[in-house]
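Proteins come first, then strands; the chains are lettered A, B, ... in the order of their sequence lines, and each starts at number 1.
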Protein chains: 2
Amino acid sequence: MPKPVVSESARRRRRPTKNGVVLSEDLIVRTALRMLREHGSAGLSVRRLGIALGADPSTLYRYFAGIDDLTLAIGDMLIGRAMDGWHGTGDWRADLRELGLRIHAAYLEHPQAAVLTASRISGKSHEIAADEAILGLLRGAGFPGRDAVRVYHAFIDMTLAFAALDAASLALPEQARRADEEMWQATYARLSPATHPNIAAVAPLLVADMNDSAYPAALDMLLASAAPWDCERNGSAGDE
Amino acid sequence: MPKPVVSESARRRRRPTKNGVVLSEDLIVRTALRMLREHGSAGLSVRRLGIALGADPSTLYRYFAGIDDLTLAIGDMLIGRAMDGWHGTGDWRADLRELGLRIHAAYLEHPQAAVLTASRISGKSHEIAADEAILGLLRGAGFPGRDAVRVYHAFIDMTLAFAALDAASLALPEQARRADEEMWQATYARLSPATHPNIAAVAPLLVADMNDSAYPAALDMLLASAAPWDCERNGSAGDE
DNA sequence: CGCGAAACGTCAATGGCGTTGGCATAAGGT
DNA sequence: ACCTTATGCCAACGCCATTGACGTTTCGCG
C-alpha cells in the first residue's frame with residue numbers, strides 16, 4: 001500500500017499545492033459538494049475535483065482511500081447540517097416531525113450529493129448523534145425499548161428513503177426532470193376512463209399532487225399511528 | 001444521427017451476430033438482469049453486456065439510445081414481475097399490504113437492478129397498471145378523490161423509496177455489506193451509556209433489528225392511520 | 001540551527017468506460 | 001435475382017479511477 005491515508009487529526013504537515021492551495025478533508029468535502037451542485041451527480045470525478053482544488057487528482061488518495069470514502073464523508077456532513085442547532089421542545093411527536101423534516105430538507109438541499117449518500121450507513125459522529133436524539137425522544141415519551149426501536153427504525157429508514165427518492169428526481173438533468181414532471185400531464189392525464197377508470201377519475205388531482213414530496217404526509221401518517229401505550233396495535237405485523 | 005433506434009415491433013430483419021446469437025430487446029434486458037445479479041450493480045457495462053451477448057458493444061445502440069434507456073427498460077420489467085398474477089381479495093387494507101410487499105419483494109429480488117431503477121418514473125405500461133390498481137383499491141374503499149390521491153402518493157412513494165433503500169444495501173459488494181451489517185455490533189453496541197444513554201439502553205435490540213427491512217412495519221403504520229372516514233385527522237398537516 | 005526521515009504533492013501509465021462514424025453484408029420486399 | 005437498407009462490426013475518441021515511482025517540503029529532534 002503505497003499511499004496510506006492519514007487521519008485528519010494526525011495530519012501535521014500541510015504542503016501547499018502548485019497553485020498555493022492548502023488541502024484538508026473539510027475543504028475537499030466542501031469542494032465536492034459544490035461540484036455536485038454545479039455539475040450534477042455524475043459530475044463529481046476525482047480528476048475534476050483535483051482540478052477544482054488546484055491539485056493533482058492522485059493527491060486526493062492521500063486523504064481518502066477511494067471515491068467511496070469520500071462519499072461517506074459527504075454524507076456525514078449532510079447529517080451534521082441537518083442536526084445543526086436543533087433543540088427539542090418536549091412534545092415528542094412534534095419534535096420527531098421537526099427532526100424528520102430537517103433531515104429530509106438537509107438532503108434535498110444537496111440532491112446530487114444525497115443521491116450518492118442517503119442509503120449508506122457511515123457510523124460517523126453526526127449520524128450517531130441523530131440516532132441518539134431520536135431514541136431519546138421515543139424513550140422519553142414512554143415507549144418501551146422494543147417499541148422505541150421499532151418506531152425508530154421505521155422513522156429513520158423512511159426519512160432517509162424518501163430523502164433518497166426525492167433527491168433522485170431533483171438531481172436528474174434539467175431536461176429529464178422536466179420530462180418526469182410532465183409525465184403526469186402528458187401520460188396519466190390522457191388515459192381513457194374506459195381502460196383506466198380510477199386514474200382518469202382523479203387525474204387532475206394527480207397532476208397537482210405528484211410533483212410534490214409525499215414525505216410530510218407519510219411522516220404524519222406514521223406518527224399518527226405511533227403511541228407509547230398499546231403498541232401491540234401494530235406489533236403483530238412487524239416483520240415479513 | 002447515424003444510429004436510429006428502431007422500435008422492437010418495427011424490427012424486421014434479424015441478422016445473427018458473429019457468434020450466431022439473434023438479438024432482441026427482451027434478450028438484452030434479460031441478459032442485463034443476469035449480469036447485474038452476477039457482477040454487482042457496477043458490473044453492468046455496455047462492453048461486458050456486448051461480450052455476454054456475443055455481439056459488439058456498439059450493436060446495442062441499435063436497440064437502446066444509451067445506457068439510460070436500457071435502465072428504464074429494466075425497471076419496467078421489474079414492475080411487471082411484481083404485478084404478475086396479482087388479484088385483489090376485496091379487503092382493501094390487506095390488498096394494499098400485499099401489493100406493497102409484492103413490489104418491494106420484486107425489486108429486492110434484483111437489488112443491483114433496483115438500485116438503478118427504483119427512483120425513476122418510466123410511464124410505461126406496467127407502471128400504469130400498478131397505479132390504476134392501487135387507486136382502484138382506495139376509491140373502492142370509499143376514499144374521496146383527494147384522500148385517495150394523498151394515500152396513494154404516500155403509499156407508492158414509500159414503497160419505492162424503501163425498495164431503493166433496501167436494495168442499495170443488498171447491492172453493496174459483499175465486503176462492504178458485511179461491514180455495514182456489523183456496524184451496529186461494532187460501533188453502536190459499544191457506545192458508552194454516559195455519552196449515549198439512549199442508544200446504550202437499547203443496543204441489543206438495535207443489533208437484532210436494524211439489519212432487517214423496516215418496510216413492513218412502516219407500511220403497517222401507514223395503513224393503520226389511513227381510513228376512508230374522518231381523513232381530516234391527518235389532513236391538516238399534508239404539506240410542508 | 002541544521003539534519004534526516006517521512007509526509008505529501010506530482011507525474012506518467014494502465015486498463016476500463018460510453019459513445020460515435022464509417023463500413024461491409026446479409027435480409028426482405030419486389 | 002436485385003436493390004435497399006437494416007443491422008452488426010471495427011477503430012477510435014475522450015473520459016474515468018487508481019497506482020507506483022519520484023521529488024520536494026516540512027517538521028521533530030538533536
(request) Can you sort out the partners of Glu182(A) under salt bridge (charged side-chain N to carboxylate O under 4.0 Å, His left out), two or more places apart, ordered by chain and number? (result) none
Please list, pair by pair, any protein nitrogen or oxygen found under 3.5 Å from a nitrogen or oxygen in nucleotides 13-18 of chain D.
residue	atom	partner	partner atom	Å
dC16(D)	OP1	Ser45(A)	OG	3.1
dA17(D)	OP1	Val46(A)	N	2.9
dA17(D)	OP2	Val46(A)	N	2.9
dA17(D)	OP2	Arg47(A)	N	3.3
dA17(D)	N7	Arg47(A)	NH1	2.9
dA17(D)	N6	Arg47(A)	NH1	3.1
dT18(D)	OP2	Tyr61(A)	OH	2.5
dT18(D)	OP2	Ile67(A)	N	3.2
dT18(D)	O5'	Tyr61(A)	OH	3.1

(message) Please tell me if Tyr63(B) has a side-chain N or O lying less than 4.0 Å from either OP1 or OP2 of dT7(D).
(response) no
Atom [atom1] of [X] to atom [atom2] of [N]: distance rounded to whole Å?
X: Leu49(B); N: dC9(D); atom1: CG; atom2: P; value: 13 Å
X: Arg62(A); N: dT19(D); atom1: CZ; atom2: C1'; value: 11 Å
X: Asp69(B); N: dG18(C); atom1: CG; atom2: P; value: 15 Å
X: Phe64(A); N: dG9(C); atom1: CZ; atom2: P; value: 12 Å
X: Ile51(B); N: dC17(C); atom1: CD1; atom2: C1'; value: 12 Å
X: Leu60(B); N: dC9(D); atom1: CG; atom2: P; value: 10 Å
X: Leu23(B); N: dC9(D); atom1: CG; atom2: C1'; value: 12 Å

(request) Look at atom CD of Glu132(A) and say whether more than 12 heavy atoms of other residues, nucleotides or ligands are closer to it than 6.0 Å. (result) yes
(message) Taking side chain to side chain donor-acceptor pair (under 3.5 Å) as the cut-off, I'd like each qualifying pair that reaches into residues 27-41 of chain B, sequence neighbours left out, listed once.
(response) Asp26(B)-Arg30(B)
Would you list the atom pairs, donor with acceptor, under 3.5 Å between side chains in residues 187-194 of chain A and any protein atom, with sequence neighbours excluded?
residue	atom	partner	partner atom	Å
Tyr188(A)	OH	Glu127(B)	OE1	3.1
Tyr188(A)	OH	Asp131(B)	OD2	2.6
Arg190(A)	NE	Ala186(A)	O	2.9
Ser192(A)	OG	Ala194(A)	N	2.9

Which donor-acceptor pairs under 3.5 Å do side chains of residues 107-117 of chain A form with protein atoms, sequence neighbours excluded?
residue	atom	partner	partner atom	Å
His110(A)	NE2	Arg81(A)	NH1	3.3
Thr117(A)	OG1	Ala113(A)	O	3.3

(request) Could you pull out all residues at least two apart from Phe64(B) that satisfy ring-ring contact (aromatic ring centres under 6.0 Å, His included)? (result) none
(message) Counting only side-chain heavy atoms from C-beta out, which of dC11(C), dG22(C), dC8(C) sits nearest to Asp56(A)?
(response) dC11(C)
